[in-house]
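Computed from a prediction, not measured in an experiment: that's the story for all the values here. The chain is numbered in sequence order, starting from 1.
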Amino acid sequence: MSNIPFQALACPLDGKPLKLMGGALCCVNGHGFDIAKQGYVNLLPVQHKRSHDPGDSKTMVAARQRFLNSGHYQPIAALVRRAISQHRDILAVQQAQYSCLDAGCGEGYYLRQLVQAVSGVHSLALMGLDISKWAVLSAAKQERQLAPEQTHQASWVVGSNAHLPVQSRALDSVLCMFGFPVYSEFSRVLKEGGLLLQVEAGPNHLRQLREVIYPALKPERSGGLAVPEGFGYQYTETLCYELQLEGKGMISDLLAMTPHLYRATADGRARAEALEELTLTVDVRLTAWQRV
């Protein structure tokens, strides 16, 4: 397998294809975006920001990096790898290159796990996008620390799922890992027959932590899956396992990388911070949607 730079970026201002010119990405209308020395590019115009520094903070990104690199969510990464590999194998007889976008990539863990396990005959073009500049910076730095034979030349981009800086009908697959799906944009950038893999928390995900930080848990929502416009349902897989966290640091990192950090009361956070160990249930659902 060979790995090639992602080629289907689009200007966030006018949608025109971006081409590499020296140390910048430029479109035909003269808009240019410098590639940072760390290896990422910021394609999030100020008019698409809702705050000065959107997305996860530097502290949250560091906590997520420590937690994920400890391997606690490796089974989730393996579930995604299998789904991508199966789809890639189906397309292998039709095309030589496979392209994948991680929409809300965080610090890049799932893309790094993907490339280290995928092998085959056709090229892999990857892009990781996140609205947090701290997350994208972390992803780019970690890739540069890999051995040369492991570097997969992903394009790391600061951007928004609401306005993906990607050319239309360019992608074979999109990952949305515990993120904020914008189905209209996912449909636009996927090829016909392209795959959207959406990973969400199941009803018992991190239940033991939630029981510590909240006075009572909200009833789980019921009802079937709503098929997004532009997609057809393919399949659902569930993954459930237990993990043991030892030490206040790891428990604190987990809390910091979840929305529960801000939803919990001060008392709830204090109870979590006092824990020395915690047995947790990981419960996730992967749903595969096909672009029609």
Query raised in the report: Does the side chain of W134 pick up a donor-acceptor pair with the side chain of D53 at under 3.5 Å?
Result: yes
**Report entry** Residues which pass salt bridge (charged side-chain N to carboxylate O under 4.0 Å, His left out) with R207, listed by chain and number, not counting sequence neighbours
**Finding:** E211
N/O donor to acceptor pairs below 3.5 angstrom from side-chain atoms of residues 253-263, sequence neighbours left out:
| from | atom 1 | to | atom 2 | distance (Å) |
| --- | --- | --- | --- | --- |
| D253 | OD1 | R66 | NE | 3.4 |
| D253 | OD1 | R66 | NH2 | 2.8 |
| D253 | OD2 | R66 | NE | 3.0 |
| T258 | OG1 | L255 | O | 3.0 |
| T258 | OG1 | H260 | N | 3.2 |
| H260 | ND1 | Y214 | OH | 2.8 |

Query raised in the report: When the ring centroid of F67 is compared with that of Y73, is the distance short of 6.0 Å?
Result: yes
Query raised in the report: Counting heavy atoms not belonging to E192, are there more than 12 under 6.0 Å from its CD?
Result: no
Query raised in the report: For Q198 and Y183, does a side-chain donor sit closer than 3.5 Å to a side-chain acceptor?
Result: yes
Query - Audit row: Y40, S155, side chain to side chain contact (heavy atoms under 4.5 Å, CB included) steps and yes/no - result: CA-CA 7 Å; Y40 73 94; S155 292; over 6 Å; no
Query - In one Ile/Leu/Val/Met/Phe/Trp/Tyr side-chain cluster, 4.5 Å: V227, V292 - result: no
Report summary line: Here the ring pair (Phe, Tyr, Trp, His ring centres under 6.0 Å) pairs for residues 271-292, sequence neighbours left out, are Y233-W289
Query - Side-chain donor-acceptor pair present, T279, Q244, cut-off under 3.5 Å - result: yes
Requested in this report: Return yes if a side-chain donor-acceptor contact under 3.5 Å exists between R285 and T238, otherwise no.
Outcome: no
Query raised in the report: Are Y241 and L278 in one and the same hydrophobic cluster, where Ile, Leu, Val, Met, Phe, Trp and Tyr link if side-chain heavy atoms are under 4.5 Å apart?
Result: yes
Report task. Assess the side chains of Q97 and D172: does a donor N or O sit below 3.5 Å from an acceptor N or O? Result -> no
Report task. Could you tell me whether the side chains of D14 and H31 share a donor-acceptor contact shorter than 3.5 Å? Result -> yes
Requested in this report: Answer with yes or no whether the side chains of Q65 and E107 bring together a donor and an acceptor at under 3.5 Å.
Outcome: no
Query raised in the report: Under a single-linkage definition using a 4.5 Å side-chain heavy-atom cutoff for Ile, Leu, Val, Met, Phe, Trp and Tyr, are V182 and M127 assigned to the same hydrophobic cluster?
Result: no
